[in-house]
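Convention: sequence-line order gives letters A, B, ...; per-chain numbering from 1. All values below were derived from every heavy atom in this structure, side-chain atoms included, with hydrogens, water molecules and symmetry-related copies excluded.
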Amino acid sequence: MAIRVYSTLTRKKEEFVPLVSGKVSMYVCGPTVYSKAHIGHAMSAMVFDIIRRYLEYRGFEVKFVMNFTDVDDKIIARAEKLGVDPYELAEGYIQEYRQHLHDLNILPATVNPRATQEMDQIITMIAGLIERGFAYESGGDVYFRVDKDKEYGKLSGRKLEDMQAGARIEIGELKENPLDFALWKTAKPGEPAWDSPWGKGRPGWHIECSAMNLTHLGEQIDIHGGGNDLIFPHHENEIAQTECFTGKTFARYWIHNGMLQLAGEKMSKSLGNLITIEEFLEKHSADALRYLLLNAGYRNPLTFSEDVLQSAERGLARLRSGLKPAQPGAKGAPQASVDALTAQMEKACTDFVEFMDDDFNSSGAMAALFDLVRVINQTRADGGTDVQLAPAQGVVRELSAVLGLTLAGEEKGMQAADPFVDALVALRTELRKQKLWALSDQVRDQLTALGVTLEDSKDGTQWRWTE
RNA sequence: GGCGACGUGGCCAAGUGGCAAGGCAAGGGUCUGCAAAACCCUGAUCACGGGUUCAAAUCCCGUCGUCGCCUCCA
């Protein structure tokens, strides 16, 4: 069975066939580093991390490129406001973002190119576009000539005429057509600038991605990804630049993730309704956010709220319940029970791949996992031993890892307090032996209040920090 | 105004032509001294109105609603 991928370009699911058999080249638009990253960025990064992990699981060798836009108007403006050097500002946020990705269990990219390190390629491309008539210089700026590109608008499904009718477009006096976009911007005094045939300046936003793709992945790539808010104008412009420069089809599959919704609105820097990754991780695990994404389709808007997060934490706990060891003193589950577990284990693996192959239907993949967990728990309740449970638990661990879930958890309390909790639990066990229920319940209640959950069984009491 | 997406049980959400996955929450039960955990059982005809079809949540048209893009944005 082949993997099927929904491409924004055709608005259809297509069979995934990479340019080079067994290898995948993948480019995802990273952040512009001018302020703290929010969980919308995390969502996008995580979505493509899941796709990347899955492709690797399916045996592809993935070259994954994610850029940092480290020079742009906003960075310059922010640096000026703060009175700091724009390079240092960007550098600081890049380091912070890297740490976030690590904390979110997102695999590092093969390469993290930066706009400022791509100047030669950028200038080569702009010069080439001018030479071919796709761009023109005007007052030190260089603009892309959209009229010249017959395919312009094909990704976002817009027509030039429709867009020109739009009232929100201002006519720049330097542009031939109001829809022309900047490839190169002349620098004002004091701004970061690079030498070019058109004077000192800096690249426009879109050209850097085209250049980085060319440098690190070549003229044609398999997957180009990003948030769906980048479809227009960013990706539209990227296609225009690259294809007009190379004369070849740029990306085979355009994959876009939906926006994270906070209180019914898109979370974004401009709306100011954002939760930073930092804030999120102070309260929740990376798994919780990932669970949220996995539970839904990556292309749809994702509802984010405390309620939904809480339900995610509970769902994770359920997934982890499958990994718990056998009951103390387990005598072994009957053969029929073990057979059912084996069958479910095989079904889970098959279903998982079948769902994920269908445009990364992670929601279905999670269902496969939950179904397996239920049967594991049934087998355990049936007296299953660790040896009997182990293979299926191994599958849960493996498939969870493919999705990027750590299923870690627990560990959350203060470990220094563990011996004290142990002592109190031992004390309560004594009280229970003497049937001093009131006292023993009092101990349990107080431990509960302190965030410790107790679980009694015939063979003793287990405790854990409440999730 | 233009383009696009979406509207599935209390909540989150798969499914996109053939008897509506999964998770959370809720109720009942088993186990337990009581709890907790686990296990078992219980629930939706898919925004609304037309149409196509032997058959529609799934296709078409219309209405209402929500959201995104059209300016920087993951």
Side-chain angles (χ1 to χ4, degrees), chain A residues 8 11 28-32 34 37-48 72-74 153 156-159 161-170 179 205 225-234 236 256-261 264-271 274 291-292 294-297 299-305 307-319 321-322 324 327 351 355 358 361-371 373-374 376-382 432 435-438 440-441 444-445 448 453-458 461-464 466:
Chain A
T8 307
R11 313 258 166 190
V28 174
C29 287
T32 299
Y34 71 96
H38 58 76
I39 53 178
H41 296 107
M43 173 188 177
S44 188
M46 236 178 214
V47 163
F48 290 102
D72 116 309
D73 294 352
K74 289 196 169 175
S156 55
R158 291 152 205 261
K159 298 188 187 95
E161 310 85 75
D162 292 345
M163 287 190 277
Q164 275 158 351
R168 296 169 79 178
I169 295 165
E170 285 174 32
L179 294 171
W205 177 34
N228 68 15
D229 54 350
L230 296 182
I231 294 172
F232 190 90
H234 185 53
E236 192 70 70
H256 292 98
N257 64 278
M259 295 291 102
L260 199 59
Q261 303 284 126
E265 269 186 327
K266 167 186 166 186
M267 181 178 298
S268 79
K269 289 179 184 176
S270 37
L271 288 171
L274 47 79
Y291 180 100
L292 234 49
L294 291 168
N295 180 48
R299 285 191 275 131
N300 297 329
L302 182 66
T303 309
F304 184 92
S305 69
D307 275 2
V308 159
L309 253 184
Q310 200 166 4
S311 136
E313 300 274 16
R314 302 278 309 147
L316 282 167
R318 174 160 186 80
L319 231 35
S321 78
K324 289 182 180 173
Q327 293 175 329
D351 288 355
F355 279 117
D358 182 15
N361 184 343
S362 55
S363 183
M366 291 293 278
L369 235 34
F370 277 112
D371 285 341
V373 163
R374 181 167 20 82
I376 290 173
N377 288 341
Q378 277 168 356
T379 308
R380 185 193 300 102
D382 240 4
R432 291 183 67 220
K435 301 197 190 294
L436 296 170
W437 307 127
S440 95
D441 286 352
R444 183 174 62 198
D445 290 347
T448 302
T453 301
L454 299 192
E455 292 178 13
D456 295 333
S457 73
K458 290 193 186 79
T461 301
Q462 306 222 316
W463 69 269
R464 59 188 162 80
T466 308

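Within a 6.0 Å radius of CD in A:Gln310, other residues, nucleotides and ligands contribute 12 heavy atoms or fewer. For A:Gln462, the CD atom counts as loosely surrounded, since its 6.0 Å shell holds 12 or fewer non-hydrogen atoms of other residues, nucleotides or ligands.
Nucleotide B:G1: paired with B:C70 (Watson-Crick or G-U wobble, both distances less than 3.5 Å). Here B:C39 sits opposite B:G29 as a Watson-Crick or G-U wobble pair (both hydrogen-bonding atom distances under 3.5 Å). Summarising the base pairing, B:G9 is matched to no nucleotide, lacking a Watson-Crick or G-U wobble pair whose two defining distances lie under 3.5 Å. Checking B:U53 for Watson-Crick or G-U wobble geometry (two distances, each under 3.5 Å) identifies no partner in any strand. B:C19: no Watson-Crick or G-U partner with both key distances under 3.5 Å is found in any strand.
Place A:Gln310 and A:Gly227 on RNA chain B by their nearest nucleotides, and A:Gln310 ends up nearer the 5' end. Between A:Leu302 and A:Ser321, the one whose closest nucleotide on RNA chain B sits nearer the 5' end is A:Leu302.
For the pair A:Leu436 CG and B:G33 P, the interatomic distance rounds to 15 Å; values are reported in whole Å. If you measure from atom CG of A:Leu309 to atom C1' of B:C11, you get 13 Å, rounded to the nearest angstrom. Per the geometry, CG belonging to A:Asp229 stands 19 Å off P belonging to B:G4, to the nearest Å. Taking atom CE of residue A:Met259 and atom P of nucleotide B:G68, one finds them 10 Å apart after rounding to whole Å. Between the CG atom of A:Asp456 and the P atom of B:C34 there is a distance of 11 Å, given to the nearest Å. In this structure, A:Gln261 places its CD atom 13 Å from P of B:G7, rounding to the nearest Å. Taking atom CG of residue A:Asn228 and atom C1' of nucleotide B:G68, one finds them 6 Å apart after rounding to whole Å. As a whole-Å value, the separation of A:Asn257 CG from B:A74 P is 11 Å.
When distances run from any side-chain atom of A:Arg158 to the nucleotides B:C34, B:C70, B:A36, the shortest one goes to B:C70. Minimum atom distance to the side chain of A:Lys266 is reached by B:C69, of the listed B:C69, B:G4, B:C34. Here the nucleotide nearest the side chain of A:Ala381, chosen from B:C12, B:C72, B:C39, is B:C39. Listed candidates were B:C34, B:A36, B:C40. Nearest to the side chain of A:Gln378 is B:C40. Of all nucleotides listed (B:C72, B:G33, B:A74), B:G33 comes nearest to the side chain of A:Ser440. Among the nucleotides B:A74, B:C70, B:G33, the one closest to any side-chain atom of A:Ser44 is B:A74. Closest contact between the side chain of A:Asp441 and the listed nucleotides B:G33, B:C70, B:A35 involves B:G33. The nucleotide whose nearest atom lies closest to any side-chain atom of A:His38 is, among B:A74, B:A14, B:C70, B:A74. Candidate nucleotides B:A74, B:C39, B:A14 were compared by shortest atom distance to the side chain of A:Arg318, and B:C39 ranks first.
Heavy-atom minimum distance, A:Gly226 versus A:Phe48: N-CZ, 3.2 Å. Pairing each heavy atom of A:Gly227 with each of A:Ser44, the nearest pair is N-OG, 4.0 Å. In terms of heavy atoms, A:Asp351 sits closest to A:Ala368 at CB-CB, 3.9 Å. Considering every non-hydrogen atom in both A:Leu292 and A:Ala312, the closest pair reads CD1-CB, 3.6 Å. Pairing each heavy atom of A:Val373 with each of A:Leu319, the nearest pair is CG2-O, 3.8 Å.
If you check every strand for non-hydrogen atoms under 4.0 Å, A:Leu260 touches a base. Across all strands, A:Tyr291 comes closer than 4.0 Å only to sugar-phosphate atoms, never to a base (heavy-atom distances). Using a 4.0 Å heavy-atom criterion, one finds that A:His234 contacts no nucleic acid atom at all. Nucleic acid contact for A:Gly40: base, since at least one base atom lies under 4.0 Å from a heavy atom of the residue. Counting any heavy atom pair closer than 4.0 Å across all strands shown, A:Asp307 reaches no nucleic acid atom. Among the atoms of the strands shown, only primed sugar atoms or phosphate atoms (P, OP1, OP2) are found under 4.0 Å from some heavy atom of A:Gly297. Heavy atoms of A:Ile231 sit nowhere under 4.0 angstrom from any nucleic acid atom. Residue A:Arg11 is classed as a sugar-phosphate contact, given heavy-atom separations below 4.0 Å to backbone atoms only.
Per the stacking criterion (ring centres < 5.5 Å, plane angle < 30°), A:Phe370 does not stack onto the base of B:G23.
Looking at A:Asn361, its side chain does come within 3.5 Å of a backbone N or O of A:Gly364 through a donor-acceptor pair. A donor-acceptor pair under 3.5 Å is absent between the side-chain atoms of A:Ser311 and the main chain of A:Asp307, judged by distance alone. Listed for the A:Gln261 side chain is no donor-acceptor partner under 3.5 Å among the backbone atoms of A:Thr303. Within the 3.5 Å criterion, the main-chain N or O of A:Glu455 finds no donor-acceptor partner in the side chain of A:Thr461.
For the atom pair A:His256 NE2 and A:Ile231 CD1, the distance stands at 4.5 Å (nearest 0.5 Å).
Taking the C1' atoms as reference points, B:A44 lies 15 Å from B:A26, given to the whole Å. Nucleotides B:A56 and B:G17 are separated by 14 Å at their P atoms, to the nearest Å. Going from the C1' atom of B:A55 to that of B:C19 covers 11 Å, rounded to whole Å. Rounded to the nearest Å, the gap between the P atom of B:U58 and that of B:U32 is 50 Å. Remark: the separation of the C1' atoms in B:U30 and B:G68 is 49 Å, to the nearest Å. Rounded to whole Å, the separation between the P atoms of B:G22 and B:C6 comes to 24 Å. Nucleotides B:C54 and B:C48 are separated by 25 Å at their P atoms, to the nearest Å. A distance of about 9 Å separates the C1' atoms of B:C39 and B:C31, rounded to the whole Å.
Between B:A13 and A:Thr303, a contact under 4.0 Å exists linking OP1 or OP2 to a side-chain N or O.
Remark: the A:Asn377 side chain and the A:Arg380 side chain contain an N/O donor-acceptor pair separated by less than 3.5 Å.
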Protein and nucleotides 41-43 of chain B: nitrogen or oxygen contacts under 3.5 angstrom:
none

Distances under 3.5 Å between nitrogen or oxygen atoms of protein and nucleotides 15-21 of chain B:
from  : atom 1 : to       : atom 2 : distance (Å)
B:A21 : N1     : A:Ser363 : OG     : 2.8

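Within the 4.5 Å cutoff, side-chain heavy atoms of A:His234 are placed close to those of A:Cys29.
Between the side chain of A:Arg444 and the base of B:A35, at least one donor-acceptor pair of N or O atoms lies under 3.5 Å.
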